[in-house]
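Below is one structure, written out as structure tokens; comments come after it.
Below, all heavy atoms of this structure are taken into account, side chains as well, without hydrogens, waters or symmetry copies.
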Amino acid sequence: MTQVSLILSPEQAADRQTIQKAVARQLQLPSEAVLAWRITKRSVDARQRDIKVLLTIQAFLSPDESQLPPYPAPVYQNVSNAPREVLIVGAGPAGLFAALTLIERGIRPIIIERGKPVSERKVDIACLNKNEGIHPESNYCFGEGGAGTFSDGKLFSRSKKRGNMQRVMEIFHYHGADDAILYEAHAHIGSDKLPGVIRHMRETILNSGGEIHFGEKLTALHHEADRIIATTESEQGQHTYSLPLSGPHRGAIILAIGHSAHDTYRMLASSGVRLEPKGFALGVRIEHPQHLIDDLMYHHSPLRAKGLLPAANYALVTQVKNAYGQRGAYSFCMCPGGHIVPAGSTTHSGVVNGMSASRRNSPFANSGMVVELHPEDMVADNSAAKRPSESEANHPSTSANYPSESEANHPSESAANHLSESTIMALQCLDWQEKVENSSWKNGALAAGQPDSAIAPAQRMRDFVEGRPSRDLPVCSYLPGCIPSRLDQWLPQVVSLALRQAFRDFDKKYPGFLTNDAVILGVESRSSSPVRIPRDPTTMQHPDYPGLYPAGEGAGYAGGITSSALDGINAANRIAES
């Protein structure tokens, strides 16, 4: 086997015979000497007008390699009678990949998931998109596969130190993802195909002797002698898992709750699990016509119209400086050829996210546009709560009739007296996030007179930057619908001021990006969590809670499908090696 790197035009890269000839030329061999080949890496370089496709090719030259060897496949043993069991809370990428890794290591996983299986989850999401109400345990955030299942399925991580990212791709591929995820620079399964992949993962876990319980929610944790005890609730009633912390049968709990399990954070605090505040990013979701983004990124190249280039994406970042200091503002979870979707987890939280199907053939391009926030921003700045919104002016009883999630589930004063300083600050950050989401709901669904809907507040992009209302809105992919709103008047000022400057900066780099043909929707607040569940960097256990392994986005150590999967793998391996 020989590795070959090629730089080709998009036309050349679309033709297999041309690729084979280019490989043979580089190896100084006749074309027929290359008996078989496959792509191991592919990316598009559109920085210059002369667009190029960069390929890494695996070429096979010897007769016994005339057929391509199979891709590496994991080996899952039967753990039905394994002496050790591990409870995994959450069936998102961290939980699923932790379970698969435990099976490889001979340990039996038991997954509890508060939401529904992926096929039932589809039905609840369809109802949400039709403004028929949100199911609190089955939505874009909760359910089998986690938040990424129905919000794009992009497989990209900026961190190269988390672990073997290729291994994650191989496991996805083994369970049904297309070959392209093994070599595309920005791999993408697609929200239409990822549910099938998740189902196959579930089958692997069950066929190997693991367990998965849907509709079961963690409600309490405590230690008893040399055991860690978890109490859960489901329609069948309460259940207790008691796991020994020493001896040949020692177990553990992997806490892979996801970034939206706010009630679980508060339960952990009341159970004595110390939390920490952390920075996160909050902003809006922006949508342009896809053809405009294609023109900006591909320099008006006709190759896109010919089908020789994929729907263009972008990754934008800038540093802004204002009265709140200097901080980063950047695009997040860019979805070319995609749709904007409602991503709240309660009725009174107005949250949006983005997704793309595998073909990425929607006429719209959307992305999160978020601003870096620090814990002190959230604790000190109560502007989202103090400044009355437009809808509050028209609905004086709004705050009395519709409490935010934090107001409904806030720990009592007596419980708060026993919390650590870091835990109190973490919960304050969570309150702040929820108040912003509640403001978005008030200015969207409530202002539209449909409080149980997912109607979102929206504003044309240039109107937002110039501080004027939008009289109307462009056609948008967001199915529940939008209502014009002055986002700059109810978003926290630390966010709105930074976004205004960022949009101007991005327009300098790509003239035409700042346009009233683009629309921004509120609020993009689930890029990660403002809370971290601390853990020892070596053992991955909570420093104060033996046997508890926080993992993934909900623990504050990941920021997407791939990094969450890697974090789950790492937690499982630490348990196996303990």
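- Residues P74 and E170 form no side-chain contact, since every pair of their non-hydrogen atoms from C-beta on lies 4.5 Å or further apart.
- Between G512 and L296, the shortest heavy-atom contact is C-CD1, 4.2 Å.
- Looking at heavy atoms from C-beta onward, T149 lies in side-chain contact with R121 at the 4.5 angstrom threshold.
- Residues F332 and R285 come closest through the heavy atom pair O-NH2, 3.8 Å.
- H299 contributes a side-chain N or O that, together with a main-chain N or O of Q48, makes up a donor-acceptor pair within less than 3.5 Å.
- With a 4.5 Å cut-off on side-chain heavy atoms, Q501 and N322 do not count as touching.
- Proximity of a side-chain donor or acceptor of Q26 to a complementary backbone N or O of S5 within less than 3.5 Å is detected.
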With side chain to side chain contact (heavy atoms under 4.5 Å, CB included) as the test, would you mind laying out the steps for I88 and L102 before giving the verdict? CA-CA 11 Å; I88 300 172; L102 290 170; 4.0 Å; yes

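- When atom types are taken as modelled, the side chain of N570 and the backbone of L566 share a donor-acceptor pair closer than 3.5 angstrom.
- The number of heavy atoms from other shown groups lying within 6.0 Å of NZ (K41) does not exceed 12.
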Taking it one step at a time, do S119 and R199 satisfy side chain to side chain donor-acceptor pair (under 3.5 Å)? CA-CA 9 Å; S119 55; R199 279 194 297 270; 5.5 Å; no

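- With a 4.5 Å cut-off on side-chain heavy atoms, P375 and P530 do not count as touching.
- Under 4.0 Å is where a charged nitrogen must lie from a carboxylate oxygen, and between K306 and E11 no such pair does.
- More than 12 heavy atoms of other residues, nucleotides or ligands lie within 6.0 Å of CG in L206, so this atom counts as buried by the packing criterion.
- For R535 and Y557, the positive end sits near the middle of the six-membered ring, less than 6.0 Å away and at most 45° from its axis.
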Could you walk me through whether L96 and I205 satisfy the side chain to side chain contact (heavy atoms under 4.5 Å, CB included) test, starting with their C-alpha distance in whole Å, then the side-chain angles of each, then the deciding distance to 0.1 Å, before giving a yes or no? CA-CA 9 Å; L96 291 173; I205 293 168; 3.9 Å; yes

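- Atom CZ in F97 sits 10.5 Å away from atom OG in S564 (nearest 0.5 Å).
- Of the candidates V320, D488, D505, R500 forms a side-chain contact (heavy atoms from CB on, under 4.5 Å) with just one, namely D488.
- Distance alone, capped at 3.5 Å, places no donor-acceptor pair between the N353 side chain and the V341 backbone.
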Given H188 and S356, is the side chain to side chain donor-acceptor pair (under 3.5 Å) satisfied, shown in steps? CA-CA 9 Å; H188 173 244; S356 300; 4.7 Å; no

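- Residues L316 and M369 are in side-chain contact: their nearest non-hydrogen atoms beyond the backbone lie under 4.5 Å apart.
- Residues Y478 and P342 are in side-chain contact: their nearest non-hydrogen atoms beyond the backbone lie under 4.5 Å apart.
- In this structure, CE in M540 is found 9.0 Å from OH in Y549, a value given to the nearest 0.5 Å.
- Side-chain N or O atoms of H288 include one that pairs as donor or acceptor with a backbone N or O of F513 at under 3.5 Å.
- With hydrogens and angles ignored, the 3.5 Å screen pairs no side-chain donor or acceptor of R114 with any backbone N or O of G90.
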Test T204 against Y174 for side chain to side chain donor-acceptor pair (under 3.5 Å), laying out the working first. CA-CA 11 Å; T204 294; Y174 176 81; 5.5 Å; no

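- In this structure, R360 does not pair ionically with E184, as no charged nitrogen and carboxylate oxygen lie closer than 4.0 Å.
- Between D377 and R327, at least one side-chain N (NZ, or NE/NH1/NH2) sits under 4.0 Å from a carboxylate O, which counts as a salt bridge.
- Counting only distance, with no hydrogens or angles, the side chain of E287 and the backbone of V519 share no donor-acceptor pair below 3.5 Å.
- Residues L487 and L499 are not in side-chain contact: their nearest non-hydrogen atoms beyond the backbone lie 4.5 Å or more apart.
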Assess whether side chain to side chain contact (heavy atoms under 4.5 Å, CB included) is satisfied between Y76 and N207, documenting all intermediate values. CA-CA 9 Å; Y76 298 114; N207 292 338; over 6 Å; no

When you look at I286 and F503, which way does the side chain to side chain contact (heavy atoms under 4.5 Å, CB included) test go after all the steps? CA-CA 11 Å; I286 187 167; F503 290 157; 4.3 Å; yes

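- Surrounding CZ of R504 are more than 12 heavy atoms belonging to other residues, nucleotides or ligands, all under 6.0 Å away.
- With 3.5 Å as the limit, one finds a donor-acceptor pair spanning the side chains of S358 and D192.
- The two residues P474 and D517 come nearest to each other via the heavy atoms CG-O, 4.1 Å.
- Nearest heavy-atom pair, A343 versus Y140, reported as atom, atom and distance to 0.1 Å: CA-CB, 4.1 Å.
- Counting heavy atoms from C-beta on, the side chains of S527 and L282 never come closer than 4.5 Å.
- Pairing each heavy atom of I111 with each of G95, the nearest pair is CD1-O, 4.2 Å.
- Because its NZ or CZ atom is both nearer than 6.0 Å to the ring centre of Y71 and within 45° of the ring axis, R38 counts as a cation-pi partner of that residue.
- Within a 6.0 Å sphere centred on CD of Q326, heavy atoms belonging to other residues, nucleotides or ligands number more than 12.
- Here the side chain of T40 pairs a donor or acceptor atom with the backbone of T56 at under 3.5 angstrom.
- When all heavy atoms are compared, the tightest approach of L308 to A14 is CD2-CB, 3.8 Å.
- Without hydrogens or angle criteria, K193 side chain to A177 main chain gives no donor-acceptor distance under 3.5 Å.
- With rounding to the nearest 0.5 Å, the separation of OG in S367 from CD in E524 is 8.0 Å.
- Judged purely by atom type and a 3.5 angstrom limit, E113 uses its side chain to pair as donor or acceptor with the backbone of A91.
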